[in-house]
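Worksheet: the structure to be examined is printed underneath.
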Amino acid sequence: MKKELPKTYEPQEVEGRIYAAWEQAGCFKTVRDPDKKPFTIVIPPPNVTGQLHMGHAMDSTLQDTLIRFKRMQGYAALWVPGTDHAGIATQIKVEEDLRVNEGRTRYDLGREKFLERVWAWKEKYGGRIVEQQKKLGASCDWDRARFTMDEGLSAAVRHVFVSLYNKGLIYKGSRIVNWCPHCTTALSDAEVEYKDKPGKLWHIRYPIVGEADKYVIVATTRPETMLGDSGVAVHPEDERYADIVGKTCLLPLVEREIPIVADEYVDRAFGTGCVKMTPAHDPNDFEVGLRHSLENIRVIEDDGTISQGYGKYSGLDRYEARKAILADLEAGGYLVKTEDHQHNVGTCYRCGSDVEPLISAQWFVKMEPLAREALRVVQDGELKFVPDRFAKIYTNWMENVHDWCISRQLWWGHRIPAWTCDDCGQMTVAETDPTECAHCHSKRIRQEEDVLDTWFSSALWPFSTLGWPDENSEDLKYFYPTNVLVTGYDIIFFWVARMVFSGCEHTGRSPFHTVLIHGLVRDEKGRKMSKSLGNGIDPLEIIDQYGCDALRFNLVSGNSPGNDMRFFTERCEAYRNFANKIWNASRFLMMNLTIDRCALPDRLELEDKWILSRLNRLIAEVTENMEKYELGVAAAKIYDFIWDDYCDWYIELTKSRLQGQDEEAKTSAQQVLCHVLTQVLKLLHPFMPFITEEVWQALPHGAEVGEGTFLMLQSWPAVDPHLDFPEEEKSMALIMEAIGAVRTRRSEMNVPPSKKTHLTLVTADAPIFRQGEAHLKRLAYADQVTITTDAPADQTGMVSVVTHAAQMLIPLAELVDLEQEKARLDRELAKVQKDLDGLKTKLGNPNFVEKAPANVVQAERDRQEKLEALLEKLTQQRQGM
RNA sequence: GGAGGCUUAGCUCAGCUGGUAGAGCGCUCGCCUCACACGCGAGAGGUCACAGAUUCGAGUUCUGUAGUCUCCACCA
């Protein structure tokens with residue numbers, strides 16, 4: 001049974017082998033089992049051609065940790081993987097590739113050829129991210145991997161579109177939308193990022209018609225839009241302008257007569273109190289325009305250039321046109337004043353270009369009816385956010401949501417299933433491609449050119465991946481609704497909110513009951529990791545260097561739900577060391593192992609009961625933390641137990657038995673060591689799947705575990721009520737305290753461990769300390785231990801160390817400076833006295849004794865007793881000097 | 001303008017339902033002790049941003065202040 005293992009754990013050698021073994025054995029397959037409860041997580045599908053970054057690594061690690069935990073708990077734990085077609089992002093990449101390598105645009109190829117290119121691109125890069133997820137140890141059921149443009153998922157999209165259209169919840173209309181001139185597509189509100197940019201506020205004079213030398217001055221940040229002005233607005237109660245309301249003014253350069261209207265939208269205090277109205281290029285102006293029947297004059301084209309019909313400005317880019325117009329206004333004497341002005345500009349979340357609001361015919365989802373149910377499920381507690389505060393953010397958004405613009409002027413995506421009839425002009429919307437108009441049966445029908453917003457399909461992800469809309473899908477019946485959704489707070493609006501109202505609307509239920517929100521992974525300076533900054537840390541490189549387990553542990557520990565974390569590579573080093581620690585602990589066990597079955601012995605020693613009792617508590621606490629999604633807390637507890645309790649103490653405590661002559665004691669030590677390690681490996685497995693599996697495979701198991709099985713399929717440890725030993729824990733604490741006191745004293749005197757001394761221990765609890773005699777000998781560096789209830793009369797040549805339960809004498813007095821020793825004792829006495837005084841005051845307070853819980857009061861009394869005992873011993877010692 | 005987070009040891013952060021402040025890294029001292037120097041033992045270092053309130057008792061609850069970050073809305 002003895003095995004030779006390398007001194008240092010080599011994750012690079014282990015991880016690939018273990019993952020392959022899991023895969024080969026079918027460990028990732030999740031089957032519907034009527035005897036089990038399902039537990040389902042759907043992965044936030046990464047962009048199909050994307051690369052794994054640290055954000056994915058954290059997201060995936062959290063999900064994998066949960067799913068492994070639940071799997072071990074006996075659930076049919078399903079983690080559905082997959083990828084998103086990522087409309088704009090992917091199309092931009094392929095277009096860029098086309099431009100760089102062939103100098104062509106998508107229009108050169110045409111829609112059909114271009115889409116062939118995108119599919120080819122997807123085939124080429126689509127598998128990359130899946131392979132990278134496997135490197136993270138992800139235990140997804142890969143056979144169920146889905147892609148948002150799969151046949152089934154596309155059918156779900158069509159079904160939803162038709163259903164919402166028929167309910168009147170999808171409509172097409174000319175509205176002012178956010179337009180990206182670079183991507184040449186409409187964007188939803190969520191896709192616009194507002195950024196503060198320095199700008200100018202230009203004051204421009206508009207002459208009033210028919211009144212020589214009279215004029216209004218308007219203030220604008222966007223002078224180029226004046227070409228599309230169709231009015232000027234003032235506040236109805238603004239006395240300065242009361243006389244000109246109803247008159248018209250002459251738009252400079254364009255020479256168009258436009259009305260002056262009064263509208264409450266205008267803020268009298270801002271600028272001059274006069275606002276130029278450009279309904280076709282400003283959402284607020286659009287609203288005012290509706291109220292006053294102002295003309296919508298579109299002057300900026302889809303590509304951001306000025307429309308035809310505006311002379312020399314036509315064809316110019318909007319910012320070039322701005323310069324030209326300002327120059328002409330100045331020359332014409334219309335420009336009154338230029339001020340600096342901090343301006344909040346909407347930008348495209350994909351390419352960063354300034355968004356151009358413009359009127360355009362687009363498709364929308366009517367949100368108000370859908371939002372109602374999405375709000376209710378949160379209010380009624382059917383959907384919970386962890387942490388709770390994100391429910392407010394969600395609710396606030398949902399309450400103020402505008403209609404969702406779902407059409408995109410792209411080619412890559414789900415094409416809108418709507419056909420316009422050339423004859424009757426009516427719309428046919430259908431799940432299967434129609435051959436004729438549903439209204440007049442004309443064959444002359446044309447499909448919409450636009451595709452749907454990427455998020456339209458991801459909104460269906462939790463149920464479309466499980467077979468919906470086929471209501472008879474067994475997977476759907478068994479695994480839906482899913483349990484937890486794990487994602488970053490940055491896509492609550494894009495994705496989570498839309499999944500919720502979609503789930504409610506189409507399946508009648510919230511698609512999950514819990515949303516676990518995590519933060520962003522930032523660099524060590526707290527900056528967002530990004531390509532443009534070049535500060536991204538590649539998770540794969542970290543895995544190569546420190547191992548996947550170390551990376552995973554770094555990502556889940558030391559951070560709490562919803563909060564951003566900074567990524568420090570050094571912490572991976574720390575957790576690599578932790579993996580190595582586990583490796584060496586088990587290596588130690590292997591080297592000492594003579595048993596071939598792991599079961600607890602009948603007779604347990606004091607230290608055995610101590611570690612088993614502590615293990616019991618660890619199991620209880622970790623399980624509770626995991627259930628409450630406190631993964632970081634759970635991880636820290638396991639780390640502390642393994643390193644401090646198991647390695648630093650328990651292994652050391654068993655050494656005298658392992659190396660002794662008593663065969664029974666030797667065997668029982670092995671059994672307990674093995675049992676505890678096995679249990680704790682299970683607790684750690686969800687966090688560090690590879691090393692735990694590797695070590696577990698090498699350990700002997702109980703009879704119930706057959707060959708060819710895996711740790712990842714073992715059951716989660718349960719608390720064993722027979723293994724609670726509070727008395728033994730207390731006894732061990734006394735012994736450990738004594739050991740610590742001796743060590744501290746020796747360390748202060750610079751006595752090396754190699755110098756063994758005779759240790760005399762004086763105590764009223766001699767029976768307890770006798771049980772720990774071997775431990776005292778080994779760990780307090782004694783060559784001989786004498787335990788007695790009576791202090792020796794002659795203590796010359798002795799250094800005395802006291803704890804509240806014992807006095808220890810070590811013959812090292814020659815190393816001690818008596819005066820220093822006195823001073824040290826005085827300091828210690830003062831400290832103990834102070835603590836005791838504080839405690840006496842507290843216990844002397846009748847309010848405390850009466851109102852505090854009994855156990856708290858008792859704990860303080862115990863503490864007082866201990867301190868008094870300690871004080872007495874210290875005082876005696878001081879007096880003897 | 002509105003909402004929220006953060007402010008705890010030199011650095012980065014944990015700290016659940018209130019009951020004597022913790023980790024990792026860093027630092028100091030001593031050790032290559034037969035699992036591990038990716039290690040062992042010992043230690044230094046916090047009036048838990050500030051001011052009030054509740055309580056027998058507050059890092060932990062409430063109110064306010066300051067600094068900082070983020071999200072939402074958006075005034076041309």
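Nearest nucleotide to the side chain of Ala574(A), out of C16(B), C71(B), G24(B): G24(B). Picking from G41(B), C56(B), C25(B) the nucleotide with the shortest atom distance to the side chain of Tyr781(A) gives G41(B). When distances are taken from the side chain of Ala585(A) to each of A35(B), G19(B), G4(B), the shortest belongs to A35(B). With C56(B), G39(B), G15(B) as the candidates, the nucleotide lying closest to the side chain of Val633(A) is G15(B). The side chain of Lys628(A) has C16(B) as its nearest neighbour among C16(B), G19(B), G39(B).
Using a 3.5 Å distance cut-off with no hydrogens or angles, the side chains of Gln858(A) and Asp862(A) do pair a donor with an acceptor. Between Thr278(A) and Asp229(A), the side chains place a donor N or O and an acceptor N or O closer than 3.5 Å (distance only, hydrogens not considered).
Look at Lys655(A) and you'll find a side-chain N or O under 4.0 angstrom from OP1 or OP2 of A35(B). Residue Lys7(A) has a polar side-chain atom (N or O) positioned under 4.0 Å from OP1 or OP2 of C36(B). Proximity of His343(A) to the phosphate of A76(B): a side-chain N or O atom is located under 4.0 Å from OP1 or OP2. Phosphate contact (OP1/OP2 of C40(B), side-chain N/O of Trp643(A), threshold under 4.0 Å): present. Contact check, Asn396(A) against G2(B): no side-chain N or O comes under 4.0 Å of OP1 or OP2. Phosphate proximity of A35(B) to Asn580(A): absent, as no side-chain N or O sits under 4.0 Å from OP1 or OP2. Contact check, Lys755(A) against C31(B): no side-chain N or O comes under 4.0 Å of OP1 or OP2. For His203(A), no side-chain nitrogen or oxygen approaches OP1 or OP2 of A76(B) to under 4.0 Å. Not one side-chain nitrogen or oxygen of Arg746(A) sits closer than 4.0 Å to the OP1 or OP2 atom of G30(B).
The gap from the P atom of U8(B) to that of G59(B) amounts to 15 Å, rounded to the nearest Å. Taking the P atoms as reference points, C29(B) lies 42 Å from G67(B), given to the whole Å. A distance of about 26 Å separates the C1' atoms of A3(B) and A14(B), rounded to the whole Å. G57(B) and U12(B) have their C1' atoms separated by 32 Å, given to the nearest Å. Distance check on atom P: C13(B) versus A51(B) gives 25 Å, rounded to whole Å. Between G19(B) and C62(B), the two P atoms lie 15 Å apart (nearest whole Å). Here, G2(B) and A73(B) have their C1' atoms 7 Å apart, quoted to the whole Å. Comparing the P positions of A44(B) and G24(B) gives a spacing of 16 Å, expressed to the nearest Å.
Remark: the backbone N or O of Glu193(A) is paired with a side-chain donor or acceptor of Thr347(A) at under 3.5 angstrom. In this structure, Arg240(A) contributes its side chain and Arg268(A) its backbone to a donor-acceptor pair below 3.5 Å.
Nearest-nucleotide positions on RNA chain B place Glu624(A) closer to the 5' end than the other of Glu624(A) and Ser586(A). When each of Ala636(A) and Tyr194(A) is assigned the nucleotide of RNA chain B with its nearest heavy atom, Ala636(A) is the one assigned upstream, toward the 5' end.
You'll find the side chain of Glu865(A) stays beyond 4.5 Å of the side chain of His804(A), heavy atoms only. Side-chain contact between Thr225(A) and Lys276(A): present, with at least one pair of heavy atoms (C-beta onward) separated by less than 4.5 Å.
You'll find a donor-acceptor pair under 3.5 Å spanning the side chain of Asn344(A) and the base of C74(B), going by distance alone. On a pure distance criterion of 3.5 Å, a polar donor-acceptor pair joins the side chain of Arg576(A) and the base of C38(B).
Across all strands shown, Phe493(A) has heavy atoms under 4.0 Å from sugar-phosphate atoms exclusively, and none from any base. Among the atoms of the strands shown, none is found under 4.0 Å from any heavy atom of His235(A). Contacts of Pro846(A) with the nucleic acid, taken as non-hydrogen atoms under 4.0 Å apart, are absent. Backbone-only engagement by Asn750(A) is indicated by non-hydrogen atom pairs under 4.0 Å involving sugar-phosphate atoms exclusively. When heavy atoms are screened at a 4.0 angstrom cut-off, Val751(A) is found touching no nucleic acid atom at all. Within the nucleic acid shown, Cys274(A) has no heavy atom closer than 4.0 Å to any nucleic acid atom. Contacts of Ser754(A) with the nucleic acid, taken as non-hydrogen atoms under 4.0 Å apart, are absent. Residue Asn563(A) is classed as a sugar-phosphate contact, given heavy-atom separations below 4.0 Å to backbone atoms only.
Checked for salt-bridge contact, Lys831(A) and Glu828(A) miss the test: no charged N lies under 4.0 Å from a carboxylate O.
Ring pair Phe270(A)/His341(A) is perpendicular by interplanar angle, where above 60° counts as perpendicular and below 30° as parallel.
Atom-to-atom, CD of Glu399(A) to C1' of G2(B) comes out at 13 Å; the value is rounded to the nearest Å. Across the protein-nucleic acid pair, Lys851(A) atom NZ and U55(B) atom C1' stand 8 Å apart, rounded to whole Å. Straight-line distance from the OH atom of Tyr9(A) to the P atom of C38(B): 17 Å, rounded to whole Å. Whole-Å rounding puts the Glu10(A) CD to C36(B) P distance at 15 Å. Put simply, CZ on Phe568(A) is 18 Å from P on A23(B), counting in whole angstrom units. Atoms CD1 (Ile582(A)) and P (C38(B)) sit 17 Å apart, rounded to a whole Å. The separation between Asp564(A) atom CG and G4(B) atom C1' is 13 Å, rounded to whole Å. Between the C1' atom of C13(B) and the CG atom of Asn554(A) lies a distance of 11 Å, rounded to the nearest Å.
Both cation-pi conditions hold for Lys655(A) and Phe588(A): the charged atom is under 6.0 angstrom from the six-membered ring centre and inside a 45 degree cone around its axis.
Other residues, nucleotides and ligands contribute over 12 non-hydrogen atoms within 6.0 Å of the NZ atom of Lys756(A). Applying the 6.0 Å contact sphere to NE2 of His402(A) captures no more than 12 heavy atoms from other residues, nucleotides or ligands.
Proximity of the aromatic rings of Phe494(A) and Tyr349(A) is defined here by a centroid distance below 6.0 angstrom, and this criterion is met. A ring-centre distance under 6.0 Å is not found for Phe385(A) and Phe390(A).
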Between the protein and nucleotides 42-46 of chain B, list every N/O to N/O distance that falls short of 3.5 Å.
from: A42(B); atom 1: O3'; to: Thr744(A); atom 2: OG1; distance (Å): 3.1
from: A42(B); atom 1: O2'; to: Ser747(A); atom 2: OG; distance (Å): 3.4
from: G43(B); atom 1: OP1; to: Thr744(A); atom 2: OG1; distance (Å): 3.4

TODO: List the steps and the verdict of side-chain contact (heavy atoms from CB on, under 4.5 Å) for Arg322(A) and Trp202(A).
DONE: CA-CA 11 Å; Arg322(A) 174 183 294 181; Trp202(A) 286 278; 4.0 Å; yes

- [ ] Toss me the dot-bracket line for RNA chain B: Watson-Crick and G-U wobble, both under 3.5 Å, 5' to 3', using | for pairs to another strand and [ ] for crossers.
- [x] (((((((..((((.....[..)))).(((((.......))))).....(((((..]....))))))))))))....

